[in-house]
Amino acid sequence: MYAQMVRSTGTLKSRAEMTPEEAAFQDRIDRGERIEPQDWMPEGYRRTLIRQIGQHAHSEVVGQLPEGNWITRAPTLERKAILIAKVQDEAGHGLYLYAAAETLGVSRDALIEDLLAGRMKYSSIFNYPTLTWADIGAIGWLVDGAAIMNQVPLQRTSYGPYARAMVRICKEESFHQRQGYAIMMKMARGTPEQREMAQDALNRFWFPALMMFGPSDRDSVHSAQSMAWRIKINSNDELRQKFVDQTVPQAEFLGLTIPDPELRWNEAKGGYDFSEPDWAEFHEVLRGNGPCNADRMAARRKAWDEGAWVREALAAHAAKRAARPVAAE
Amino acid sequence: MAKDWPLWEVFVRGAHGAGHRHVGSLHAPDAEMALKNARDVYTRRNEGVSIWVVPSAAITASAPGDKGPLFDPANSKVYRHPTFYDIPDDVGHM
C-alpha cells in the first residue's frame, strides 16, 4: 500500500523461542491491547514500524506532487479550491505519521534525510504522471480508494500512535475519494472528448492502483511477522480482491471499461477474477526507474534545500526571543 | 543542518464546551508558530474553538510499569460508585 514491501526485522518466532518479555508482549497484542511509546517492545517491532510508518509518511508528502501539478490548471475556481484543500490534507497526513514515527525514537529530519538520500521509499503509485485533468479524478477515486481499503483496518493496528493517526486520516480520506469520483462522473457524462479522457485516465491508473497493495501473497515474504504483531492486518491479495470487487460496479456506473479483458464475475468465489499487474514493472518503479521517480525526488530535494533558510531563520528568531530579558517584553 | 524544531503537544477544545483534548503533536520553532501550525493542521474542519500548545518536554508521564500500583487499588472500591447502593424504587428518583 502506501507502505509496500516493508522489510520485517526478525523471523517469526515460536512461543518456545521467545524470551519472557517477547512472550508477554505477544500476549498483549493477542489480547488486542494497544502498545504505547513508553512500553517495552522488541527491537524488530520498533524498527519495522519506523520503516512502515516512515514510508507511509513519505508517500503522503510525495503524493502531493502529482496533484499539485494541476492546482494552477484546475478547470474552475471551485475545483481549484477543492484540490488545494486535498493537497493540504496530504501534508497534514504526512505530519500525523511523522509524529507517530517520532514516538519510536527517530527524528522527522532523520526520516526526511533518509528519503532524500534514497534509503527510504514511498509508494510506487506516485511515480506515474498526471497528464490530464481526468487523472486528478482517477487518483481520488482509485488511489485514495485503495488507500482507504488499507487504512481502515490499520485503525486497529497494535501501535497506539499509528492507530490514532489512521483514525484521523480515514476521516479525511473519504472526502478525497468522493471528490475524485465526482470529477469522474462529470467527465464521464461530458462531451465525447471528456469521456475519452476519463477512460484514458482509468486505463493508465488501473494497474498501478492494483500494485499499491504490494506483491502477490505467494511472493510477499515479510507478512508473517508483521501480521503476528498486528502492524499488518490483511494480506495483499485479500485487500486487492476487495478493492476490485468494490471498484468494478463504480466503473460500470460511470459507463467506463476496466482495462482488463480477463475481468469477470466469479459466482463461486463471490468476487471478480482479474489479471495481475505487471510485477516486473512494479519492481522497476520501486527500484527508482518509474516514469517520474527522478522528478519526484528532485522536487522533494529542491523543496527541502530551498526551504532551509526559512527553517533556520524561524529557529534563529525563536532563539533570539527566548534569550531577550523578560523586562524588555 | 539546523536542529529539529522542538516538539509540541496540541490540545483542542471542541465546539461543545468540553475540556481540551489531546489531538496530536507538531514541530514549531516557538509557541506562536506552534499555535499557527496547530490551527492549520488540526482545525481545518471546525474541530475546535480553542487550542493549547505545550512543549512535549514539559510533560511528565506516569511509567507504564506503575500501572498496577497506581490504578489497581480503585478496582476494589466499588462503594465509590452510585450503583453500589440499593435504594428501593419507592424512594423515587435519586
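Proteins come first, then strands; the chains are lettered A, B, ... in the order of their sequence lines, and each starts at number 1.
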*Where does Gln88(A) contact chain B at under 4.5 Å (heavy atoms): side chain, backbone, both or neither?*
both

_4.5 Å side-chain heavy-atom contact, Arg44(B) and Glu172(A)_ = yes

*Do the side chains of Arg108(A) and Leu7(B) get nearer than 4.5 Å, heavy atoms only?*
no

_Reported NE2-to-CZ distance for the pair His22(B) and Arg164(A), which is rounded to 0.5 angstrom_ = 8.0 Å

*Measure the NE2-CE distance between His317(A) and Met33(B) for me, rounded to the nearest 0.5 Å.*
9.5 Å

*Taking NZ, NE, NH1 and NH2 as the nitrogens, is one of them in Asp39(A) or Lys67(B) under 4.0 Å from a carboxylate oxygen of the other?*
no

*In this structure, which one of Asp40(B), Asn37(B), Leu26(B) forms a side-chain contact (heavy atoms from CB on, under 4.5 Å) with Leu95(A)?*
Leu26(B)

*Tell me, do His27(B) and Tyr98(A) make a side-chain contact under 4.5 Å, heavy atoms counted?*
no

_For Gln38(A) versus Ser62(B), what's the shortest heavy-atom pair and its separation?_
OE1-O, 3.3 Å

*Can you establish whether the number of heavy atoms outside Arg34(A) located under 6.0 Å from its atom CZ is more than 12?*
yes

_If you compare all heavy atoms of Ser25(B) against all heavy atoms of Ala99(A), which two are closest, and at what distance to 0.1 Å?_
OG-CB, 3.6 Å

_Can you tell me if Arg178(A) has over 12 outside heavy atoms packed within less than 6.0 Å of its CZ?_
no

*Count the heavy atoms of every other residue, nucleotide or ligand shown that sit under 6.0 Å from CG of Leu77(A), and state whether that count exceeds 12.*
no

_So for atom CG, which belongs to Asn46(B), do other residues, nucleotides or ligands contribute more than 12 heavy atoms lying within a distance under 6.0 Å?_
no

*Given that the side chain runs from C-beta out, which part of Arg168(A) has a heavy atom under 4.5 Å from chain B: side chain, backbone, both or neither?*
side chain

*In this structure, are over 12 heavy atoms from other groups packed under 6.0 Å from Arg21(B) atom CZ?*
no

*Is atom NZ of Lys77(B) surrounded by more than 12 heavy atoms (other residues, nucleotides or ligands) closer than 6.0 Å?*
yes

